[in-house]
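Report on the following structure.
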Amino acid sequence: MSRYNAAEIEANWQKAWDKAEVFKAERIEGKPKYYVLEMFPYPSGKLHMGHVRNYTMGDVIARYKISTGHNVLHPMGFDAFGMPAENAAMAIGGHPKTWTYNNIDQMVEQMKPLGLSLDWSRMFATCDPEYYGQQQALFLDFLQEGLVYRKNAIVNWDPVDMTVLANEQVEGGRGWRSGALVERKELTQWFFKISDMADELLGALDGLDNWPAKVKLMQANWIGKSRGLQFAFERVDGGEAISVYTTRPDTLNGASFVGISPDHPIAKAMEGDAEVDAFLAKARAGGTTEEAIETAEKLGFDTGVKVKHPLTGEELPVWIANFILMEYGTGAIFACPAHDQRDLDFCRKYDLPVIDTFFALDDGAPVTTEAFVPMKSEKVRWVEHFAGLDVATGEEAINVTIDKAEAEGWGEGVTKFRLRDWGLSRQRYWGCPIPVVHCDDCGVVPEKKENLPIVLPDDVSFDQPGNPLDRHPTWRDVPCPSCGKPAKRETDTMDTFVDSSWYFARFTAPNAATPTNMADAEYWMNVDQYIGGVEHAILHLLYARFFARAMHVCGHLPESAKEPFDALFTQGMVTHAIYQSVARTKQGDPRGEGIGYTKYHYPDEVKELHDLDGEKYAVLLADLEAIGLDAEDSASVNRQRMVDGANWENAKLTKLEVIPSAKMSKSKNNVVDPVTIIEAFGADTARWFVLSDSPPERDVEWTASGAEAAHKHLSRVYRIAAELDAGEAGSPEADEQLLRETHKAIHDVTLGVESFGFNAAIAKLYGFTNTLAKSKAGGAAKRDAAKTLAQLMSPMTPHLAESIWEMLGGEGLCTLAPWPVADEALLVEDSVTMPVQVNGKRRAEITVPKDMDKAEVEKLALAEHAVQRALDGNAPKKVIVVPGRIVNVVA
RNA sequence: GCCCAAGUGGUGGAAUGGUAGACGCGUCGGAUUCAAAAUCCGAUUCCUUAACGGGAGUGUGGGUUCAAGUCCCACCUUGGGCACCA
């Protein structure tokens, strides 16, 4: 009898699938298609367990759909532009292109052994000129349709390196390399008009029934539709009125000042005054992220400008405040400190008045240090409302205020969105060049389509900060496509989010001479199942939804593909324990001598153990070796631990602390390399494990013991199949029982696969394997059950399934065999066991025929000894019988 | 700071509002073996009891319900996102 040899069978079956081209996707009109897509990876060069989990999930779906008769498209590519390649070029030399393509080769090599059902012939990288050339064509089409435009926007500026920084390159308000304080600087940049589609993108979320509710909620909040009042404050000095937008116009009576953004025209007009400039410099310091702005210290500057309150005519001061964004609303607000914590903090700091406009119904205490911010749906008592309200909800008050303002003509109800236009310009080399030329005479001129792709030059260097394209005259200086005079290419490249916003469409026709091919797009779109991390819940998915719409406008996608992802699944991370000990620095250590620091140990350097309470700890393999112990001999190791006693200080073994479930990170030495795992156990074990231990949407902790257990189980399944004796006799009752269990397994596993309950499906498969192993059924019946088991395991462990299928005489490839269908008649049981509760506490259990009358069930339940005892002689007040489920007696 | 999730035995986790802890790991006991590996069988939430039983229990505190891990409110902790990381 042969033993389970994963390395051997996996290589063989992968060859067999390749030879039969089972995963090559061709359009077959009339055959139902299924497009499954996992978010493509960034080519870091190292495959990560998180990738394995992501692709395995997609693979389970893809393989399941193949066996249910679908024509499956399951492609893979690389999101290959971006900063890491430039960083590598700066750090270790070389060219981003070489670095990236080498990494892609390595990752493909690491992915292939996983046995994924991918159509590799469709593979591309976004840095292929064939891909980004088509992206440039899309850009030109968008430009023509008015979906792209230029305006000024703020970037992080490093004044020492004289370069633009990404948000992640700003650490604590300073540039990551120079350490200089980062400034906000305005540049003219390209934007996609995503805000034009804000309402559409929001409304269409309703139709996405197979998207996680949390993702839709996050997108809805991000788009942020709000109805408010827009009106102007007249300036006392007669200058241009200040337009403000507010979602709480009902609190206008509580206004204590008008706040404007540091980038507001009024603030800009005051530049040149030393005091103002000093303040603006302070207000503009720090990063551009919303987080940085919201958490920065609130700073204000009194402009001296006064405005008139539109209702009371009272004078209000105008302050510049660093937390007001120019991009949202009008860049100016009125502050109502009594009902907004941020405004309150600001007013207390600068000694501005706080005016209560309403109180809670049961509390009339004025606001002191905590703003009173009830929900808009809550009723409050107004101090003196200009529209005469006494008790009303915020919502009602807002509407009344807007109506009044419109009737009196001093303001207007306006719907606004939080969503800003998508800035796509990046002052970097390794990205898709923006295909326009700047001409002194003609202005911004689009490249001619026949000149595409505008290819990145190879002869660049990264020895100085800034964009190499800027200092590359032969690439940059070109004749104007319109008038032919000397002109300059746009040297900004595109945000890498652009690259990932349409790759799913390109996969339907990766070699087309246009961005897409309509016939292919019509056949393959939409993506039936999209799988990736929650970290992409907002930006990537929103941009892709925008792109699909924009591509439709330009005729690159059919109307039906405007919402490109029919179903979305967001999977969790793969985590791993950290093994740490406290070490002391040695003589001559630059940190100083004898200082304690945390030392992280690699998983393959340690042996994980459990003490008598089951608590996890670990010891170093090197320590075990030193005292001559075998790491596999847990009993001896434990004995040594007992000898060492409770006092670890004097022990021969170093006790390592085990920190569970930490994100895998190089600096913590807790990364598990899939390649090592595949070499040790095989791809099927890795696939089985990443699916088995946690629900797919949650994080899964990679543990060595879990991986070993997975491998042990797969070996067991192989052995059970290999040892089957088809001629063995059995009882008809056992045959029947096994058949019933088989169909229950088919039902449960199918349900698990279809509903992304992979861990539950695997639990059923464990149970079914145990049933099969213990069954007294005859050989023939067992063989049929084992064949079904192989089929049910096939999406998760395809290589093992093929081997068992072949061993048991299955016809053709297991991968192509039709998925088994559960016979409903075999699923029903004729009797059912019901718990009996008294006052919600379980006291007994009764087994009754499935369709027994409620009254009969009640009688049987009350007759139970334990129920009588619990009732203690009292008559039940009420008896609830839920047929087939439970009996609850209320005493 | 704002938005969104998640918290269940020693451990990963299971549970259409209906028996909390399926299945796996670990631990303990047993079988097999000269011995081991491998394999197989059994026990395993906590407290209490000789036992039968009894009590408590799903991050914390309230609430709705015949019945709450599940629904509602408040809080705590952890994770994700915050527009130039991908």
Side-chain angles (χ1 to χ4, degrees), chain A residues 39 41-42 44 79 81-84 155-156 164-170 212-215 217-218 220-222 224 287-296 323 327 341-342 419-428 495-497 499-500 533-540 542-543 570 572-573 608-616 632-634 660-661 663 689 692-695 697-701 703 705-706 708-710 712-713 715-716 719 759-760 762-767 770 773 833-837 839-845 866 877-880 882 885-890:
Chain A
M39 290 180 187
Y42 180 80
S44 64
D79 189 12
F81 274 135
M83 296 202 306
V155 293
N156 299 306
V164 177
L165 297 178
N167 284 333
E168 70 155 10
Q169 296 174 321
V170 178
K214 62 173 174 181
V215 173
L217 190 56
M218 280 190 266
N221 288 340
W222 186 261
T288 57
T289 65
E290 199 175 302
E291 187 192 3
I293 292 164
E294 291 279 331
T295 53
F323 56 83
E327 285 94 348
Q341 191 61 42
R342 193 172 56 184
L419 181 66
R420 311 201 291 258
D421 277 333
W422 169 13
L424 69 119
S425 296
R426 296 292 180 271
Q427 295 70 40
R428 267 178 266 283
D495 176 10
T496 55
F497 271 124
D499 311 336
S500 55
V534 242
E535 65 271 22
H536 298 293
I538 297 175
L539 293 180
H540 162 61
L542 194 62
Y543 291 159
T570 54
M573 295 185 300
E608 208 176 88
L609 297 166
H610 298 257
D611 65 19
L612 296 177
D613 303 327
E615 206 78 29
K616 268 187 198 169
E632 294 310 314
D633 183 1
S634 301
S661 302
K663 188 173 181 168
F689 178 75
S692 67
D693 244 31
S694 284
E697 67 276 15
R698 266 203 254 168
D699 292 350
V700 65
E701 166 130 319
T703 61
S705 57
E708 277 160 29
K712 231 154 83 174
H713 177 72
S715 306
R716 181 172 182 234
R719 189 166 6 91
N759 58 324
I762 284 183
K764 297 291 176 198
L765 286 167
Y766 269 108
N770 286 335
T833 301
M834 293 166 73
V836 182
Q837 298 181 331
N839 288 335
K841 272 191 196 310
R842 196 187 77 96
R843 295 295 175 185
E845 212 173 68
K877 287 203 186 96
K878 194 171 167 189
V879 180
I880 289 138
V882 184
R885 303 231 46 118
I886 203 167
V887 181
N888 193 10
V889 180
V890 186

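Chain naming here is simple, since letters A, B, ... match the order of the sequence lines and numbering starts at 1 in each. From a predicted model like this one, the values you see are computed outputs, not experimental measurements.
Of the candidate nucleotides B/A86, B/C84, B/C82, B/C84 has the atom nearest to the side chain of A/N156. Here the nucleotide nearest the side chain of A/L217, chosen from B/C4, B/A86, B/U19, is B/C4. Comparing atom distances between the A/R719 side chain and each of B/U39, B/U19, B/C84 picks out B/U39 as nearest. Distances from the side chain of A/Q427 to the nucleotides B/G18, B/C23, B/C84 place B/C84 closest. When distances run from any side-chain atom of A/A166 to the nucleotides B/A86, B/C85, B/C25, the shortest one goes to B/C85. Listed nucleotides B/C3, B/C84, B/A56 differ in distance to A/N221; the shortest reach to its side chain belongs to B/C3. In this structure, the nucleotide among B/A83, B/G80, B/G12 sitting nearest to the side chain of A/L539 is B/A83. Distances were taken from every side-chain heavy atom of A/E291 (C-beta onward) to each of B/G13, B/C84, B/C82; the shortest belongs to B/C82. In this structure, the nucleotide among B/C25, B/A14, B/C4 sitting nearest to the side chain of A/A709 is B/C25. Closest to the side chain of A/V164, from the set B/G80, B/C84, B/A14, is B/C84.
Nucleic acid contact for A/S715: none, since no nucleic acid atom lies under 4.0 Å from a heavy atom of the residue. Among the protein residues, A/V836 comes within range of no part of the nucleic acid, since none of its heavy atoms lies under 4.0 Å from any strand. Here A/P41 lies out of heavy-atom contact (under 4.0 Å) with every strand. At the heavy-atom level, A/H540 lies nowhere under 4.0 Å from the strands shown. At the heavy-atom level, A/L419 lies under 4.0 Å from base atoms of the strands shown. If you check every strand for non-hydrogen atoms under 4.0 Å, A/K877 touches nothing. A/G706 comes within 4.0 angstrom of nothing in the nucleic acid, heavy atoms only. Across all strands shown, A/R716 has heavy atoms under 4.0 Å from sugar-phosphate atoms exclusively, and none from any base. Within the 4.0 angstrom heavy-atom criterion, no nucleotide atom of any strand lies near A/F323. A/S694 comes within 4.0 angstrom of the backbone, heavy atoms only, and of no base. Residue A/G533 is classed as having no contact, given no heavy-atom separation below 4.0 Å to the nucleic acid. Within the 4.0 angstrom heavy-atom criterion, no nucleotide atom of any strand lies near A/V879. Nucleic acid contact class of A/E845 (heavy atoms, under 4.0 Å, all strands): base.
Across the protein-nucleic acid pair, A/M39 atom CE and B/G81 atom P stand 13 Å apart, rounded to whole Å. For the pair A/Y543 OH and B/G81 P, the interatomic distance rounds to 15 Å; values are reported in whole Å. Rounded to a whole Å, the NZ atom of A/K712 is 9 Å from the C1' atom of B/A38. Atom P of nucleotide B/A38 and atom CD of A/E708 are separated by 10 Å, given to the nearest angstrom. In this structure, CZ of A/R842 is placed 13 Å from C1' of B/G53, rounded to the nearest angstrom. The interatomic distance linking A/W222 (CH2) with B/A83 (P) rounds to 6 Å, in whole Å. For A/W422 and B/A83, the CH2 to C1' distance is 11 Å, given to the nearest whole Å. Atom CG in A/N759 sits about 14 Å away from atom P in B/G24, given to the nearest Å.
For A/D693 and A/I886, each mapped to the nucleotide of RNA chain B holding its nearest heavy atom, the one lying further toward the 5' end belongs to A/D693. The residue among A/S425 and A/A760 whose nearest nucleotide of RNA chain B lies closer to the 5′ end is A/A760.
Taking atom C1' in both B/G69 and B/C3, one finds a spacing of 26 Å when rounded to whole Å. Between B/G29 and B/U19, the distance separating the two C1' atoms is 28 Å to the nearest Å. Between the P atoms of B/G10 and B/U60, the separation comes to 14 Å (whole Å). Spacing of P atoms, B/A14 relative to B/U65, comes out at 30 Å, to the nearest Å. Taking atom C1' in both B/U64 and B/C73, one finds a spacing of 11 Å when rounded to whole Å. B/C23 and B/U45 have their P atoms separated by 12 Å, with the value rounded to a whole Å. Straight-line distance between the C1' atoms of B/A35 and B/A43: roughly 26 Å, to the nearest whole Å. Across B/G59 and B/A5, the matching C1' atoms stand 15 Å from one another, rounded to whole Å.
Contact between the side-chain N/O atoms of A/R698 and the OP1/OP2 oxygens of B/G7 is found at a separation under 4.0 Å. Proximity of A/T496 to the phosphate of B/A86: a side-chain N or O atom is located under 4.0 Å from OP1 or OP2. In this model, the phosphate group of B/C84 is not approached by any side-chain N or O of A/R420 to a distance below 4.0 Å at OP1 or OP2. At the phosphate of B/C82, neither OP1 nor OP2 sits under 4.0 Å from any side-chain N or O atom of A/N167. Regarding contacts with the backbone of B/A56, a side-chain N or O of A/K841 is found under 4.0 angstrom from either OP1 or OP2.
Considering all non-hydrogen atoms of both residues, A/L539 and A/F497 come closest at CB-CZ, 3.8 Å. Considering every non-hydrogen atom in both A/V887 and A/M834, the closest pair reads CG2-CE, 3.7 Å. Counting all heavy atoms, side chain and backbone alike, A/A292 lies closest to A/G287 at CB-O, 4.0 Å. Between A/V164 and A/R428 the shortest heavy-atom distance is O-NH1, 3.9 Å. Of all heavy-atom pairs between A/D79 and A/T496, the closest is OD1-O, 4.2 Å. Nearest heavy-atom pair, A/F689 versus A/A710, reported as atom, atom and distance to 0.1 Å: CB-CB, 4.1 Å.
Counting heavy atoms from C-beta on, the side chains of A/E294 and A/R342 come closer than 4.5 Å. With contacts defined as side-chain heavy-atom distances shorter than 4.5 Å, the pair A/V215/A/H536 does not qualify. Contact of the A/D495 side chain with the A/R426 side chain is registered, since non-hydrogen atoms from C-beta on lie closer than 4.5 Å.
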Exercise for review: Let me have RNA chain B in dot-bracket notation, would you? Count Watson-Crick plus G-U wobble pairs, both distances under 3.5 Å, and use [ ] for pairs crossing earlier ones and | for inter-strand partners.
Suggested key: (((((((..(((.....[....)))((((((.......))))))((((....))))..(((((..]....))))))))))))....
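Residues forming a side chain to side chain contact (heavy atoms under 4.5 Å, CB included) with A/N167 (at least two apart in sequence, or on another chain): A/N156, A/T288, A/T289.
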Are there any protein N/O atoms within less than 3.5 Å of an N/O atom in nucleotides 65-76 of chain B, and if so, which ones and at what distance?
residue	atom	partner	partner atom	Å
B/C66	O2'	A/N888	ND2	3.2
B/C66	O2	A/N888	ND2	2.8

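Residue side chain A/Q169 does not reach the base of B/C84 through any donor-acceptor N/O pair under 3.5 Å, judged by distance alone. Side-chain to base pairing of A/R843 with B/U19: no donor and acceptor N or O lie closer than 3.5 Å to each other.
Remark: the backbone N or O of A/D693 is not paired with any side-chain donor or acceptor of A/N759 at under 3.5 angstrom.
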